[in-house]
A.B. asks: 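Dropping a structure here in structure tokens format, bear with me for questions.
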Amino acid sequence: MNITSSKRLSYKLIDQCDSEFLYQLDQNPEVMRYINGGVKTTREDIVNKFMPRHNAYKNPNKGWGLWKVTITATKESIGWILVRPMDFFSDRPIWHDIELGWRFLQSTWGKGYASEAAIHIHQTLAKQPENKMFSAIAMHDNAGSIAVMKKMGMEYVKSYTHSDSQLGDLDVVLYSICLLYTSDAADEEDSV
């Protein structure tokens with residue numbers, strides 16, 4: 001799958017060559033604040049934990065993985081958008097519910113890049129009929145991420161404790177948007 005450029009941004013699936021970019025992104029305690037309390041990621045963790053975990057759910061045909069976000073005009077890589085089935089690392093992944101997540105350099109916050117990227121990738125993946133819902137989680141006080149979710153049209157679903165094998169138990173909020181297919185759209189597809 002290819003994701004075309006949006007107004008200001010271009011997208012590429014992350015691979016092993018992006019390890020240094022991932023490391024640099026995680027060196028700001030503010031970027032990591034709502035992920036693990038502000039602890040910087042080591043290079044060893046990128047190579048031995050982060051990349052193998054990413055490769056476990058990466059599926060270029062379906063668009064799953066981390067999409068590196070680059071400002072088209074300057075060629076500066078500024079963050080990533082995560083795409084994978086919800087609860088992928090559990091014993092019951094939700095294949096039709098696609099989790100979106102994001103991480104961006106602090107210098108880019110407040111400029112609409114995360115919203116632009118998340119909305120554009122969501123709209124691209126929404127064209128795949130197997131994707132019925134999109135969801136995102138964030139810690140309760142992560143106002144920036146919650147604002148992105150709302151801009152995408154997601155609505156609050158619940159607060160709960162999310163268990164992650166690497167990060168532990170986190171108190172989060174879940175937001176989702178369900179794709180509604182009308183009977184007219186289904187009729188049009190049947191007549192094609």
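Reckoned from all heavy atoms, side chains included, excluding hydrogens, waters and symmetry mates.
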A.B. asks: Taking all heavy atoms of Ser159 and all of Val173, pick out the closest pair and write down the distance.
C.D. replies: OG-CG1, 3.6 Å
A.B. asks: Does the side chain of Thr72 come under 3.5 Å of the side chain of Ser5 through a donor N or O and an acceptor N or O?
C.D. replies: no
A.B. asks: Looking only at non-hydrogen atoms, find the nearest pair between Ile46 and Pro52 and report the distance.
C.D. replies: O-CD, 4.3 Å
A.B. asks: Can any side-chain N or O of Asp87 pair as donor or acceptor with the backbone N or O of Ser90 at less than 3.5 Å?
C.D. replies: no
A.B. asks: First locate atom NZ of Lys75, then atom CD1 of Ile71, and finally report the distance between them rounded to the nearest 0.5 Å.
C.D. replies: 11.0 Å
A.B. asks: Step through the shown structure and confirm whether more than 12 heavy atoms of other residues, nucleotides or ligands are within 6.0 Å of CD on Glu76.
C.D. replies: yes
A.B. asks: Apply side chain to side chain contact (heavy atoms under 4.5 Å, CB included) to Phe50 and Leu22, showing your working.
C.D. replies: CA-CA 9 Å; Phe50 192 92; Leu22 296 170; 3.7 Å; yes
A.B. asks: Would you call Val47 and Met51 a side-chain contact if the rule is heavy atoms closer than 4.5 Å?
C.D. replies: no
A.B. asks: Quick one: pull up CG in Leu25 and OG in Ser77 and give me the separation to the nearest 0.5 Å.
C.D. replies: 10.0 Å
A.B. asks: Test side chain to side chain contact (heavy atoms under 4.5 Å, CB included) on Met32 and Arg103; report intermediate values, then the result.
C.D. replies: CA-CA 9 Å; Met32 302 304 289; Arg103 191 174 303 173; 4.1 Å; yes
A.B. asks: Taking a hydrophobic cluster as the set of Ile, Leu, Val, Met, Phe, Trp and Tyr residues connected by side-chain heavy atoms closer than 4.5 Å, whether directly or through intermediates, do Trp102 and Met133 fall within one such cluster?
C.D. replies: no
A.B. asks: In terms of the angle between their ring planes, are Phe88 and Trp64 parallel, tilted or perpendicular, with boundaries placed at 30° and 60°?
C.D. replies: perpendicular
A.B. asks: Output, in order, the C-alpha distance, side-chain angles, deciding distance and verdict of side chain to side chain contact (heavy atoms under 4.5 Å, CB included) for Leu82 and Tyr57.
C.D. replies: CA-CA 10 Å; Leu82 171 142; Tyr57 63 84; 3.5 Å; yes
A.B. asks: Is the side chain of Asn131 donor-acceptor paired with the backbone N or O of Leu125 at a distance under 3.5 Å, no angle test?
C.D. replies: yes
A.B. asks: Kindly indicate whether a cation-pi arrangement holds for Lys111 with Tyr113, taking the cut-offs as under 6.0 Å to the six-membered ring centre and within 45° of the axis.
C.D. replies: no
A.B. asks: Answer yes or no: is there a side-chain heavy-atom contact under 4.5 Å between Trp109 and Glu30?
C.D. replies: yes
A.B. asks: Say you draw a straight line from CG of Asp97 to CG of Leu179; how long is it, rounded to the nearest 0.5 Å?
C.D. replies: 9.5 Å
A.B. asks: For Asp171 and Thr161, test the side chains for any donor-to-acceptor distance below 3.5 angstrom and give the result as yes or no.
C.D. replies: yes
A.B. asks: Do any N or O atoms from the side chain of Asp45 and from the backbone of Thr41 form a donor-acceptor pair under 3.5 angstrom?
C.D. replies: no
A.B. asks: Does the side chain of Ile78 come within less than 4.5 Å of Leu9's, by heavy atoms?
C.D. replies: yes
A.B. asks: Any salt bridge between Arg43 and Glu20, counting N to O under 4.0 Å?
C.D. replies: yes
A.B. asks: Flag this pair as yes if the NZ/CZ of Lys68 is under 6.0 angstrom from the six-membered ring centre of Tyr11 and inside a 45 degree cone about the axis; otherwise no.
C.D. replies: no
A.B. asks: Do the non-hydrogen side-chain atoms of Gln128 and Met1 ever get within less than 4.5 Å of each other?
C.D. replies: yes
A.B. asks: Please determine whether a side-chain nitrogen of the Lys or Arg among Arg8 and Glu116 lies less than 4.0 Å from a carboxylate oxygen of the Asp or Glu.
C.D. replies: yes
A.B. asks: Would you say Val39 ends up clustered with Tyr34 if hydrophobic residues are merged whenever their side chains have heavy atoms under 4.5 Å apart, either directly or through other cluster members?
C.D. replies: no
A.B. asks: If you round to the nearest 0.5 Å, how far is CD1 of Ile3 from CG of Leu13?
C.D. replies: 7.0 Å
A.B. asks: Test side chain to side chain contact (heavy atoms under 4.5 Å, CB included) on Trp80 and Ile14; report intermediate values, then the result.
C.D. replies: CA-CA 9 Å; Trp80 51 252; Ile14 281 179; 4.1 Å; yes
A.B. asks: Is any side-chain heavy atom of Ile137 closer than 4.5 Å to one of Glu99?
C.D. replies: yes
A.B. asks: Just so I know, are the side chains of Phe89 and Arg53 near enough to count as touching, which here means a heavy-atom distance under 4.5 Å?
C.D. replies: yes
A.B. asks: Which pair of non-hydrogen atoms, one from Ala126 and one from Phe134, has the smallest distance, and what is that distance?
C.D. replies: N-CZ, 3.7 Å
A.B. asks: Determine whether a donor-acceptor pair (N or O, by modelled atom type, separation under 3.5 Å) exists between the side chain of Ser145 and the backbone of Asn142.
C.D. replies: no
A.B. asks: Are Phe104 and Val148 side-chain neighbours, meaning at least one heavy-atom pair lies under 4.5 Å?
C.D. replies: no
A.B. asks: I need the Gln24 CD to Ser19 OG distance, nearest 0.5 Å.
C.D. replies: 12.0 Å
A.B. asks: At their closest point, which heavy atom of Leu174 faces which heavy atom of Ser135, and how far apart are they?
C.D. replies: CD1-CB, 3.9 Å
A.B. asks: Please round to the nearest 0.5 Å and tell me the distance separating atom OH of Tyr175 and atom CE of Met152.
C.D. replies: 13.5 Å
A.B. asks: In plain terms, say whether Lys58 and Asp15 are close enough for a salt bridge, that is, a side-chain N and a carboxylate O under 4.0 Å apart.
C.D. replies: no
A.B. asks: Quick check: closest heavy atoms across Val31 and Ile35, and the distance to 0.1 Å?
C.D. replies: O-CD1, 3.4 Å
A.B. asks: Within a strict 4.5 Å, meaning less than it, do heavy atoms of the His120 and Lys7 side chains meet?
C.D. replies: no
A.B. asks: Search all heavy atoms of Leu100 against all heavy atoms of His122 and return the closest pair with its distance.
C.D. replies: CD1-CB, 3.9 Å
